[in-house]
Number of protein chains: 2
Amino acid sequence: MERCLVTKTSLPLSKVYRLIEPGPVVLVSTMRGMKPNIMTMSWHMMIDFEPPIIGCVISNRGYSFDTVKKTKELVINIPTVELAKKVVGCGNTSGRTVDKFKKFGFTPTPGTSVQAPLIEECYANLECKVIDTKLTTKYNLFIVEVVQAWIDRSQKHPRMIHHQGNGAFVVDGETIKLPSKMK
Amino acid sequence: MERCLVTKTSLPLSKVYRLIEPGPVVLVSTMRGMKPNIMTMSWHMMIDFEPPIIGCVISNRGYSFDTVKKTKELVINIPTVELAKKVVGCGNTSGRTVDKFKKFGFTPTPGTSVQAPLIEECYANLECKVIDTKLTTKYNLFIVEVVQAWIDRSQKHPRMIHHQGNGAFVVDGETIKLPSKMK
């Protein structure tokens with residue numbers, strides 16, 4: 001937690017949607033016993049603003065599925081384009097056989113509200129608890145609540161990546177501002 | 001349908017995820033009796049590849065909610081950055097008082113599998129049927145299946161927009177290709 005507080009500051013929960021709504025590829029970190037793991041995910045969406053509720057699809061063929069089902073915890077870590085190769089690496093390997101923190105040089109940092117580790121190198125970290133599994137068996141869909149959020153405010157222009165399929169990723173370009181009543 | 005076939009060609013359902021997974025702002029069109037309507041949405045995600053299953057959050061305060069609940073149909077239309085002002089306009093107005101097709105100069109085009117109209121000016125159109133409403137009351141979450149998809153192949157470099165909150169949108173930038181086993 002101390003390291004976390006060194007590079008990151010707390011993000012108000014009401015602003016979490018600004019990170020998830022644009023649809024970036026994210027890294028999901030979990031803790032299975034003493035074993036931390038990472039998976040790459042881009043099937044997620046906001047469901048409510050505050051408390052922030054997020055829907056996540058986690059394949060039941062992956063190693064993280066059982067962990068999330070059992071521990072009911074995960075951290076959604078938001079990487080920038082500089083980490084793209086590692087993000088894809090995490091998507092191409094399984095925690096069954098690989099220690100991904102070690103292999104990709106990610107630093108696990110303790111959170112404050114969940115056992116699952118934060119990925120220090122990511123721009124933001126959302127500590128989440130699973131609150132609904134009604135559609136988990138049918139669609140691999142977990143509904144989670146963000147209970148604590150962290151952001152690296154030293155990064156002024158973080159650019160996220162978005163998966164277009166087949167290993168192609170579109171990188172955030174220019175930002176446009178339009179008068180909107182949309183929250 | 002004929003006009004549709006003039007500017008659009010059918011997109012294989014197995015490729016639909018490539019449009020939704022990057023997290024673009026989309027326009028949802030519906031048909032309430034004889035009255036077509038449009039809403040702006042960015043809370044959506046892929047749930048399965050084929051048939052393509054998508055999760056959508058549609059606020060129960062909006063005009064489209066009742067229509068979708070009743071008709072169990074909608075079209076997800078994917079606009080490019082050129083339409084950004086109209087997209088925000090659709091998000092800032094309600095179908096209760098405004099004919100959005102007329103106000104924003106969008107052309108409704110008949111689909112082949114649903115009564116809801118396609119928005120001709122959008123890059124792609126996904127005709128969807130609601131297949132699961134178990135979490136609709138609790139989270140405004142609809143699970144839909146894409147039954148027919150259309151794409152404008154004449155647009156070689158369509159750039160989507162992603163909502164970052166408060167009327168700020170990030171536009172698709174460069175595309176990077178990384179060797180990935182991710183589908």
Side-chain angles (χ1 to χ4, degrees), chain A residues 15-25 40-49 53-57 59 81 84-85 87-93 132 134-135 138-141 143 159-183, chain B residues 15-25 40-49 53-57 59 81 84-85 87-93 132 134-135 138-141 143 159-183:
Chain A
K15 293 195 173 166
V16 163
Y17 80 97
R18 298 186 180 195
L19 295 168
I20 293 298
E21 190 167 324
V25 178
T40 301
M41 175 171 84
S42 36
W43 288 10
H44 55 73
M45 68 174 168
M46 288 307 299
I47 290 182
D48 208 351
F49 287 107
I53 309 288
I54 296 174
C56 302
V57 175
S59 169
V81 63
K85 272 191 186 174
V87 170
V88 174
C90 284
N92 285 346
T93 49
D132 198 319
K134 276 191 203 73
L135 296 187
K138 191 161 186 189
Y139 299 111
N140 295 334
L141 171 60
I143 311 282
R159 292 190 304 153
M160 314 311 171
I161 57 174
H162 308 257
H163 191 222
Q164 296 179 309
N166 239 2
F169 298 83
V170 64
V171 184
D172 282 351
E174 58 176 327
T175 292
I176 56 177
K177 186 92 187 169
L178 290 167
S180 172
K181 285 187 238 167
M182 291 161 71
K183 193 176 177 182
Chain B
K15 294 196 171 165
V16 163
Y17 79 97
R18 299 185 180 197
L19 295 168
I20 293 299
E21 191 167 323
V25 179
T40 301
M41 175 171 84
S42 35
W43 289 10
H44 55 73
M45 68 174 168
M46 288 307 301
I47 291 182
D48 207 350
F49 287 107
I53 308 289
I54 297 174
C56 302
V57 175
S59 168
V81 64
K85 271 191 186 173
V87 170
V88 174
C90 283
N92 285 347
T93 48
D132 199 321
K134 276 191 203 72
L135 296 186
K138 192 160 186 189
Y139 300 110
N140 295 335
L141 171 61
I143 311 281
R159 290 189 305 153
M160 314 312 170
I161 57 174
H162 307 257
H163 191 222
Q164 296 179 307
N166 239 3
F169 298 83
V170 64
V171 184
D172 283 349
E174 58 176 327
T175 293
I176 56 177
K177 187 92 188 171
L178 291 166
S180 170
K181 285 188 238 165
M182 291 160 72
K183 193 174 178 181

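Throughout, protein chains are lettered first and strands after them, A, B, ... in sequence-line order, and every chain is numbered starting at 1.
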>> How close do B:Y139 and A:D132 get, counting heavy atoms only, and between which atoms?
In response: OH-OD2, 3.1 Å

>> How close do A:N166 and B:Y17 get, counting heavy atoms only, and between which atoms?
In response: N-OH, 3.8 Å

>> Would you compute the distance between atom CG of A:D48 and atom OG of B:S59 and round it to the nearest 0.5 angstrom?
In response: 9.5 Å

>> Less than 4.5 Å to any heavy atom of chain B: does that hold for the side chain of A:L141, its backbone, both, or neither?
In response: side chain

> Under a 4.5 Å cut-off applied to non-hydrogen side-chain atoms, are A:H162 and B:H162 in contact?
Replying inline: yes

> Between B:V88 and A:P179, what is the shortest heavy-atom contact and its length?
Replying inline: CG1-O, 3.2 Å

>> I need the minimum non-hydrogen distance between A:M45 and B:G55, along with the two atoms involved.
In response: SD-O, 3.6 Å

> So do B:I143 and A:L135 actually touch side chain to side chain, heavy atoms under 4.5 Å?
Replying inline: yes

>> Could you tell me if the side chain of A:V170 sits less than 4.5 Å from the side chain of B:M160, heavy atoms only?
In response: no

> Could you give the distance from NE2 (B:H163) to CG (A:L178), rounded to the nearest 0.5 Å?
Replying inline: 9.0 Å

> Hey, which of B:M46, B:H44, B:K85 has the most heavy atom pairs under 4.5 Å with chain A?
Replying inline: B:M46

> At what distance, to the nearest 0.5 angstrom, does CD of B:E21 lie from CE of A:M41?
Replying inline: 11.0 Å

> Between A:V57 and B:I53, is any pair of side-chain heavy atoms under 4.5 Å apart?
Replying inline: no

>> If I measure from the heavy atoms of chain B, does A:K177 come under 4.5 Å with its side chain, its backbone, both, or neither?
In response: both

>> Measuring from atom CD of A:E174 to atom CG of B:D172, what distance do you get when rounded to the nearest 0.5 angstrom?
In response: 10.5 Å

>> Please classify the contact of B:K15 with chain A as side chain, backbone, both or neither, using a heavy-atom distance under 4.5 Å.
In response: neither

> Side chains of A:V81 and B:I176: closer than 4.5 Å at any heavy-atom pair?
Replying inline: yes

